[in-house]
**Student:** 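Handing you this structure, nothing more for now.
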2 protein chains.
Amino acid sequence: MGQSADHLTSNQAQVLRHLRAANAPMTAYQLLGRMQNDRGAVAPPTVYRALKGLEEAGLIRRIETLRAWAPVAAIRPGVVVICDDCGTVRGVEAPSLLESLHQRLAAEGFAEARQTIEVHGRCGDCAEDRA
Amino acid sequence: MGQSADHLTSNQAQVLRHLRAANAPMTAYQLLGRMQNDRGAVAPPTVYRALKGLEEAGLIRRIETLRAWAPVAAIRPGVVVICDDCGTVRGVEAPSLLESLHQRLAAEGFAEARQTIEVHGRCGDCAEDRA
DNA sequence: GAGATATACGTTATAGTATAACATAGCGCA
DNA sequence: TGCGCTATGTTATACTATAACGTATATCTC
């Protein structure tokens, strides 16, 4: 069930810990490798089930454009901003923007259920590094 | 090379024809199946190379949230709107929306390079069908 | 026309991402 | 105690995508 954030299973906690320790999204199989380092035999469903639970709890998101997972609090609706230089990902709230999109689509009769908005580019820190 | 739209190879034309004949995005392996029906032996790289060329020519897009491909003219920047009932996909221009997002991020020092914006929901036609 | 270069294509193999299906263990509680 | 629920383990497989190498063909240049 879509569990709330007040309790994590140990697999979920372990996955979340690895995601938070990384400074960029991790693929499911990268996580699998970490867990195998930690514990020995672990199979893909273990990782995918933990990811599913964490996503439902609003603690992580799949970054569709990277096929990877990040501990971005599910500001949902929200925008994910990804630096292609350093790999960092962060969530950005943009309520007015999303409201205007919503109204735009509603006017055409489209009932919006969810959006995925991912922006790629270069963050301020990386721009400075190359200045 | 990022070829322009003025010439398609025969593989590209064949893939584009199938995508246009469908009323919903198709996965690469669905396309592969169609091409095998048409011609016999075809291997995945044939399909993926055609998809890459068509994408570079701005004739199709990968729908990230569906892991599938659609003949959506690459209004880029633009918004892709997907009906989860009937599967149809269309591109929507939203320049003012994207401009405000751009400025919002620029103000934080983020140099935006490309966005992926996909909205899921139910289109007007499908809403009527259930009315 | 021979050779050089470039593009598309074919072919084989493999990498990478995700889930189905079934079995087991532990917990809360009627 | 026995039932139902959740989490987990385990095996196998499905689905998505690309690497690497060889061949054919067209074009250009000398």
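First the proteins, then the strands, lettered A, B, ... as listed; each starts at 1. Note that the structure is predicted; figures quoted are calculated from it, not measured.
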**Student:** For A:Arg122, which residues count as a side chain to side chain donor-acceptor pair (under 3.5 Å) partner, sequence neighbours excluded?
**Tutor:** A:Asp85
**Student:** Is any side-chain nitrogen or oxygen of A:Thr9 closer than 4.0 Å to OP1 or OP2 of D:dT8?
**Tutor:** yes
**Student:** Please report the distance, rounded to the nearest Å, between CH2 in A:Trp69 and C1' in C:dG16.
**Tutor:** 15 Å
**Student:** Does B:Arg39 make a side-chain N or O approach to OP1 or OP2 of C:dC9 shorter than 4.0 Å?
**Tutor:** no
**Student:** Does A:Thr46 put a side-chain nitrogen or oxygen below 4.0 Å from OP1 or OP2 of D:dT8?
**Tutor:** no
**Student:** I need the full list of salt bridge (Lys or Arg N to Asp or Glu O under 4.0 Å) pairs touching residues 98-112 of chain B, with sequence neighbours left out, sorted by first then second residue.
**Tutor:** A:Arg90-B:Glu108, B:Arg104-B:Glu108
**Student:** Please report the distance, rounded to the nearest Å, between CD in A:Glu55 and C1' in C:dT19.
**Tutor:** 15 Å
**Student:** In residues 17-37 of chain A, which residues come under 4.0 Å of DNA chain D by heavy atom?
**Tutor:** none
**Student:** Applying side chain to side chain donor-acceptor pair (under 3.5 Å) as the test, list every pair that has at least one member in residues 40-54 of chain B; sequence neighbours left out.
**Tutor:** B:Lys52-B:Glu56
**Student:** Of the nucleotides C:dT12, C:dA8, C:dA18, which has the atom closest to the B:Ala43 side chain?
**Tutor:** C:dT12
**Student:** Please check the phosphate of D:dA17 (OP1 and OP2 only) for any side-chain N or O of B:Arg67 closer than 4.0 Å.
**Tutor:** no
**Student:** If I take atom CG in residue A:Leu66 and atom P in nucleotide D:dT16, what distance separates them, rounded to the nearest angstrom?
**Tutor:** 19 Å
**Student:** With sequence neighbours left out, which residue pairs that include part of residues 16-32 of chain A fulfil the side chain to side chain donor-acceptor pair (under 3.5 Å) condition?
**Tutor:** A:His18-A:Asp38
**Student:** Closest heavy-atom contact between B:Val119 and A:Phe110?
**Tutor:** CG1-CE2, 4.0 Å
**Student:** Return no unless some side-chain N or O of B:Arg62 is found under 4.0 Å from OP1 or OP2 of D:dA17.
**Tutor:** yes
**Student:** List in chain and number order the residues that pass side chain to side chain donor-acceptor pair (under 3.5 Å) with A:Thr65, two or more places apart in sequence or in another chain; answer none if no residue qualifies.
**Tutor:** A:Glu118, A:His120
**Student:** Roughly, in whole Å, what's the span from CG in A:Leu51 to C1' in C:dG16?
**Tutor:** 15 Å
**Student:** At under 4.0 Å, does any side-chain N or O of A:Tyr48 touch on OP1 or OP2 of C:dT19?
**Tutor:** no
**Student:** Ignoring hydrogens, what is the shortest heavy-atom contact between B:Ala70 and B:Val89? Give both atom names and the distance.
**Tutor:** CB-CG1, 4.3 Å
**Student:** Ignoring the backbone of B:Asn11, work out which of C:dT17, C:dG10, C:dT19 is nearest its side chain.
**Tutor:** C:dG10
**Student:** Expressed in angstrom and rounded to an integer, what is the separation of A:Arg49 atom CZ from C:dC22 atom P?
**Tutor:** 14 Å
